[in-house]
Amino acid sequence: MKRKVCIVVTARPSYARIKTVLEAVRDHPELELQLVVAASALLDRYGNALDVMVRDGFQPSAHVYMVLEGENVTTMAKSTGLGLVELATVFDNLKPDAVVSVADRFETLATAVAASYMNIPTIHVQGGEITGSIDEKVRHAVTKLADAHFVSTELAAEHVIRMGERPERVFLTGCPSIDIAARVREAPDMTFDPIHAYGGSGPNLPLEDGYQIVLQHPVTTEHEDALHQVTETLEAVAELGRPTLWFWPNVDAGSDGTSKGIRVFREREKPGNFHLFRNMFPEDFLRLLVHATAIVGNSSVAIRECSYLGVPAVNIGSRQQGRERGRNVIDVDHDRAAIAAAIADHARRGKAPSDHLYGDGRAGARIADCLATTALTVEKRLTY
């Protein structure tokens, strides 16, 4: 019988992180895909990643509505608890042979806890990495709940093993999001007009002479500063006057502050160089990035995919602190002058060299093969 592999996707960026694994599991002769879509991945205000998944040909086995309004630390905790309750019911109904938890968003903790308590072998993708924010705690907590680990880098594998995990249960697969970046690098041509295809809000910008992308999320451990932090970025980008494609933030604590900052600035200053989007197909987003002069903000896409694609990145603040970097990244604080200077510096330098820190474009197939052949167990002990 085929192994039933349940993969839980809880947010817009998580889908891009795991899409090629979904494809490989679906197409593998020894595996059956069970896709569960949950949390902000179901919500229109955060881009409704569910619609993108369906258009990509995936049929979810279950939907889990678990996000409480408020975007603060209290609602994050309550949403995780609600997710634990709902996912336990979903797993009881689906009866998977293994559950895959993706990366480090706060909602993924509910996935790992529910599966572990129900004695379902738990698989963690992208463990062992280091960053700032609550993501750091969640990532390592999920590692300790997981029974097998598919990591992106050699250093991440070392970290997981040093946390007391069995070396033979740690698989260096690369990051699945690099698989999509590799596809885009092979066919980078812009075959669509982003404003015509995805709408959004703001003026119809001329993009043929260059543009930059901004993607800035709140930092959960600094959520009270979210409004000030995004305002510094807004001022820097507006001052430079370059066409800017800006993507709305995720659902983390502080999201209201980040979103409010964008709305207030747009209404007060009426910048003529901003166009805002909620979501795109992962491949289309990366094609936009390939042709951008820079990405600005604090998203991990600037560290992962952009290092592979050689896209210049201005990484702001502490959210990605400690994550392995390629040569494409300039790190700055939440300071408008420093942000503007880094953008200008990248404009002078041009494209960065490609770094393969996070994989070679074949992670999805490797992970599916491991899921089909690895012994599934729920017993584990510290190795030291």
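The analysis underlying the following values was restricted to heavy atoms, covering all of them including side chains, and did not include hydrogens, waters or symmetry mates.
A donor atom on one side chain and an acceptor atom on the other are not found under 3.5 Å apart for Arg169 and Thr377.
Side-chain contact between Gln126 and Cys175 is present, with at least one heavy-atom pair separated by less than 4.5 Å. Considering only heavy atoms from C-beta on, Val25 stays 4.5 Å or farther from Val100 through its side chain.
The number of heavy atoms from other shown groups lying within 6.0 Å of CD (Glu168) is above 12. Counted within 6.0 Å of CD on Glu283, heavy atoms from surrounding residues, nucleotides or ligands total more than 12; the atom is thus considered enclosed. Remark: Lys2 NZ is packed, more than 12 non-hydrogen atoms of other residues, nucleotides or ligands lying under 6.0 Å away. In the displayed structure, Arg162 atom CZ is contacted under 6.0 Å by at most 12 heavy atoms of other residues, nucleotides or ligands. Surrounding CZ of Phe192 are more than 12 heavy atoms belonging to other residues, nucleotides or ligands, all under 6.0 Å away.
Ring pair Tyr308/His356: centre-to-centre distance below 6.0 Å.
Aromatic ring pairs are classed by plane angle as parallel below 30°, tilted from 30° to 60° and perpendicular above 60°; the pair Phe277 and His275 is tilted.
A distance-only check finds no donor-acceptor pair linking the side chain of Tyr15 to the backbone of Pro282 [under 3.5 Å]. Side chain of Lys351 to backbone of Val290: a donor-acceptor contact under 3.5 angstrom is found.
With rounding to the nearest 0.5 angstrom, the CD1 atom of Ile178 is 5.5 Å from the OG atom of Ser307. Separating the CZ atom in Arg278 from the CG atom in Asp44 is a distance of 8.5 Å, to the nearest 0.5 Å. Put simply, CD1 on Ile130 and CZ on Arg139 are 8.5 Å apart, with the number rounded to the nearest 0.5 Å. Note: Lys4 NZ to Gln34 CD = 5.5 Å, rounded to the nearest 0.5 Å. Here the CG-CD distance, from Leu155 to Glu324, works out to 4.5 Å after rounding to the nearest 0.5 Å. Considering CG of Asn72 and NE2 of His223, their distance stands at 7.5 Å, rounded to 0.5 Å.
Between Arg319 and Glu222 there is no salt bridge, since none of the side-chain N atoms of the basic residue sits less than 4.0 Å from a carboxylate O of the acidic one. A salt bridge links Arg183 and Glu23; the closest N-O separation between the charged side-chain nitrogens and carboxylate oxygens is under 4.0 Å. We find that Arg45 and Asp256 are joined by a salt bridge, their nearest charged nitrogen and carboxylate oxygen being less than 4.0 Å apart. Here Glu71 does not pair with Lys260 in a salt bridge; the nearest charged N to carboxylate O distance is not below 4.0 Å. A salt bridge is defined here as a Lys NZ or Arg NE, NH1 or NH2 lying under 4.0 Å from an Asp or Glu carboxylate O, and Arg105 with Asp252 meets this definition. At a threshold of 4.0 Å, the pair Asp179-Arg366 does not count as salt-bridged, since none of the basic side-chain nitrogens sits closer than that to a carboxylate oxygen.
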**Request:** Could you go through the side chain to side chain contact (heavy atoms under 4.5 Å, CB included) check for Asp369 and His28 one step at a time?
**Result:** CA-CA 8 Å; Asp369 286 340; His28 199 288; 3.2 Å; yes

**Asked** side chain to side chain contact (heavy atoms under 4.5 Å, CB included) between His228 and Glu232: does it pass, once the steps are laid out?
**Response** CA-CA 6 Å; His228 165 73; Glu232 291 297 299; 3.7 Å; yes

**Asked** Is there a side chain to side chain contact (heavy atoms under 4.5 Å, CB included) between Arg327 and Leu357 once you walk through the steps?
**Response** CA-CA 10 Å; Arg327 290 166 287 179; Leu357 275 172; over 6 Å; no

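For the residue pair Asp333 and Ile339, the shortest heavy atom distance occurs at O-CG1, 3.9 Å.
Counting only residues at least two apart or in different chains, side chain to side chain donor-acceptor pair (under 3.5 Å) contacts with residues 235-247 comprise Gln212-Thr244.
Among residues two or more places apart in sequence or in another chain, the side-chain contact (heavy atoms from CB on, under 4.5 Å) test is passed with Glu224 by none.
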